[in-house]
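This report refers to the structure that appears directly beneath it.
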There are 2 protein chains.
Amino acid sequence: MGEVTDKNQSLNEREQSILHHVVYNYIQTAIPVGSRYISKHFESSLSAASIRNVMADLEELGFLSHPHTSAGRVPTDLGYRFYIDYLMEMQQLGDDEKLRIHQQLDQTNDADEMLRETSKLLGKISHQLSIVTSPHLSSGVFEKIELIPITSSKLLVVISIRTGIVRTIMMEVGVEVRRDHLDQVGRLLNERLSGLTLHEIRDSFVDRVRDMQSEQTGLIRLFIESVDQLFTDSKERDKVLIGGTKNIIEHPEFIDPKNFRSVIELIENEDIIVHLLEKHDELQKGFVVTIGAENKDETAKEYSFVTGTYDVEGVTGRVGIIGPTRMNYSKVIPLVDYVAQTIAKMLSA
Amino acid sequence: MGEVTDKNQSLNEREQSILHHVVYNYIQTAIPVGSRYISKHFESSLSAASIRNVMADLEELGFLSHPHTSAGRVPTDLGYRFYIDYLMEMQQLGDDEKLRIHQQLDQTNDADEMLRETSKLLGKISHQLSIVTSPHLSSGVFEKIELIPITSSKLLVVISIRTGIVRTIMMEVGVEVRRDHLDQVGRLLNERLSGLTLHEIRDSFVDRVRDMQSEQTGLIRLFIESVDQLFTDSKERDKVLIGGTKNIIEHPEFIDPKNFRSVIELIENEDIIVHLLEKHDELQKGFVVTIGAENKDETAKEYSFVTGTYDVEGVTGRVGIIGPTRMNYSKVIPLVDYVAQTIAKMLSA
DNA sequence: ACTGAGCACTCGTACTCATTGAGTGCTTAC
DNA sequence: GTAAGCACTCAATGAGTACGAGTGCTCAGT
């Protein structure tokens, strides 16, 4: 409770301590915390009036704010940021929760299914919205391609990645293609593309199959046209799973129907989330926290995102949670981190 | 407005007419309709007092109810039912809307993708929750199976159905299986299962492969164990797509946060919906409307379901909408009906 | 026997107003 | 720099009131 790091900038020890208490309490209770309360419960050595002085300073520095004159203090985004970076103590994940995570995720070996389970799980444990993105296959290493005729005009293309993840795409072909020709094209593609990443393939596909273009059926031409569909992470396909709406709306911030709308908007408008997650990807591997207005989007400016990367031989994706900026970071961050690592392990097994 | 059918039971013409007006108006405005209002706007020949008498009768018969003494009348579930069955006039779908539906659904030829588009579309046009189930493959006719080794211990099973729909399942195999053996098993399965429905296959699979069980790798044994996973519509897999939350919460019924919760509950708890849709399947092909408490589920007792079947050579699924019992049935029913027919056409093309 | 006018009654909604109490900010004394 | 005192602000609460929509019932007219 009283520990204070000093690798920080502008705040002296007392200021840090009081900021800590304000943030901590507000996260727990959702009610603005007043000077008197802190004096009574935490800093008995200081009077309420002194604490008020410090609080006024913290407010001027942008760490705290005031809903209205006669209310207690509430952390700003900057306040949360300082709290997370310097003050907060991570809360170890309980063994029971670890067990629960493993049990839930052990149920299946289908990657998609597992990600769905992950989404449900994160939502329930964290009481926040959960977000799980399917893996970005672009940087995955091509293992092999398989072409399966479905009807005379439809072709199922199965691309498998070294980690054991597969992508299946239904392709419309104009004319009927003979099975042996299909096999032949498949064999050639496998030879030429083996060992490359999907990303590399997309960029160099045309060159690699240039000499094949003269073949009769135009199958290769079709592949060239569809190269983006086959080898790129389209936003359409790489959907993000969002779950746990039921859990999140229990939070007191959602008594106000306005906030209610905003969270629904966020859920329905996946694009916003996808876009903000891209920012997370750019930031770094490992876990990332963005708070409130740090998310450069109007709709998300009252929410925090906590996400972690899972990485299976270069194929990466993100799992995480979204919730009101007032959330239990010290508990949620380790949770997200652990879940990310766990599914990475599961997927590579 | 004034048309009154007489193929009905207990209600005389005047009662029907007034019931009609009450339901119609309440659907439009969401405010309880009073006797005076009807007298003024629709039945000028009758005084408010007379209309009150009729309303009292309708209430006693269970078609109308009273939020409280000094409020107007509101239809009960039974009132809506009578309205839909005998009074309502279907509203033709506009050409612009038909066009919009076609344009949106023409974008893709991937079945899953198309169903997702359908979901979005229905939600937007109807301003209700949209529901779309993926096709029940059980009654589809087996076309062929394809076994594709992914890693040494993982196998992708592709089952294609006559209509061109495919199901892919990732299977864990204990030991490594040689490619030629895989091909051999695949060939045999194709020979023996061809032309049967998945349903038939599930029931008779063990008999049909009895003589193959002695082969070395135990692959057949594995198939027998997984027969449910492969040939049955599991509730896990046959997910129902739900969309349009944003649209539905604009309705005035959702100013009350309690209703808000209930709709979220409904969305999160897909099982409830799946279960209620099964009831729809039992009822009949074509469109089905269930109103409020007709849905045998506590959570759904204030919502109506309107769904239609799409049928592609025996493979069927449902599309539809969910909304407050107060919904514009005369518009929504033709919409659902039309969309169902359209995607059936699209899928079989 | 049906219709409709009149009237008392109910009840939810909206509005005002005073009270309360938490909490601040400032001033002043130590 | 610390704390005590005090005036001030402002949201929340609840009581009181007026309003009005709408019903239910009665009774007179046709």
Side-chain angles (χ1 to χ4, degrees), chain A residues 11-19 21-23 25-26 28-76 79 252-253 255-256 258-259, chain B residues 11-19 21-23 25-26 28-76 79 252-253 255-256 258-259:
Chain A
L11 300 189
N12 65 38
E13 233 182 72
R14 176 175 296 178
E15 286 168 331
Q16 290 191 36
S17 171
I18 287 178
L19 178 57
H21 290 130
V22 173
V23 179
N25 264 278
Y26 186 64
Q28 300 298 325
T29 63
I31 42 185
V33 2
S35 53
R36 190 180 161 73
Y37 184 84
I38 290 190
S39 169
K40 273 263 173 77
H41 293 77
F42 303 100
E43 299 279 353
S44 322
S45 58
L46 292 178
S47 79
S50 304
I51 291 174
R52 277 205 284 283
N53 287 328
V54 179
M55 279 174 153
D57 293 346
L58 285 170
E59 182 162 359
E60 204 167 344
L61 291 167
F63 293 99
L64 295 179
S65 83
H66 243 175
H68 54 85
T69 335
S70 68
R73 293 316 208 285
V74 162
T76 60
E253 7 277 292
I255 42 150
D256 182 354
K258 208 179 94 196
N259 289 335
Chain B
L11 301 189
N12 66 37
E13 235 182 71
R14 175 177 296 179
E15 285 168 332
Q16 289 192 37
S17 170
I18 287 178
L19 178 57
H21 291 129
V22 172
V23 179
N25 264 279
Y26 186 65
Q28 301 298 325
T29 63
I31 40 184
V33 0
S35 54
R36 192 181 160 75
Y37 184 84
I38 290 191
S39 169
K40 273 261 173 79
H41 293 76
F42 303 101
E43 299 279 354
S44 323
S45 59
L46 291 179
S47 77
S50 302
I51 291 176
R52 276 206 284 286
N53 286 328
V54 179
M55 280 173 151
D57 292 346
L58 286 170
E59 184 162 357
E60 204 168 344
L61 291 167
F63 294 99
L64 296 178
S65 83
H66 243 179
H68 54 84
T69 335
S70 70
R73 292 316 206 288
V74 161
T76 60
E253 7 278 291
I255 42 151
D256 182 353
K258 210 179 92 197
N259 288 334

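Naming: A, B, ... by sequence-line order, numbering from 1 per chain. Just so it is clear, the model here is predicted, and its values are computed rather than measured.
When every heavy atom of A:R14 is checked against every heavy atom of A:V54, the shortest pair comes out as CD-CG2, 3.7 Å. Taking both residues in full, the closest heavy atoms of B:G79 and B:V23 are given as O-CG2, 4.3 Å, listed atom of the first, atom of the second, then distance. Closest approach of B:P67 and B:P32 over heavy atoms only: CG-CG, 4.1 Å.
Phosphate contact (OP1/OP2 of D:dA3, side-chain N/O of A:S50, threshold under 4.0 Å): present. At the phosphate of C:dG23, neither OP1 nor OP2 sits under 4.0 Å from any side-chain N or O atom of A:S35. A sub-4.0 Å separation between OP1 or OP2 of D:dT2 and a side-chain N or O of A:R14 is present.
Across all strands shown, B:A49 has heavy atoms under 4.0 Å from base atoms, whether or not it also approaches the sugar-phosphate. Heavy atoms of A:S39 sit nowhere under 4.0 angstrom from any nucleic acid atom. Residue B:T69 is classed as a sugar-phosphate contact, given heavy-atom separations below 4.0 Å to backbone atoms only.
Here C:dG4 is the nucleotide among C:dG25, D:dT9, C:dG4 with the atom lying nearest to any side-chain atom of B:L46. Across C:dG21, D:dT23, C:dT24, the shortest atom-to-atom separation from the side chain of A:S70 is found for C:dG21. Each of D:dA11, C:dG4, C:dT24 was ranked by its minimum atom distance to the side chain of B:S47; first place goes to C:dG4.
Of the possible polar contacts, one joining the A:T76 side chain to the A:G62 backbone as a donor-acceptor pair under 3.5 Å is found.
Of the two residues contacting DNA chain C, namely B:P67 and A:G34, the nearest-nucleotide position lying further toward the 5' end is that of B:P67.
A donor-acceptor contact under 3.5 angstrom links the side-chain atoms of A:R52 to the base of C:dG25.
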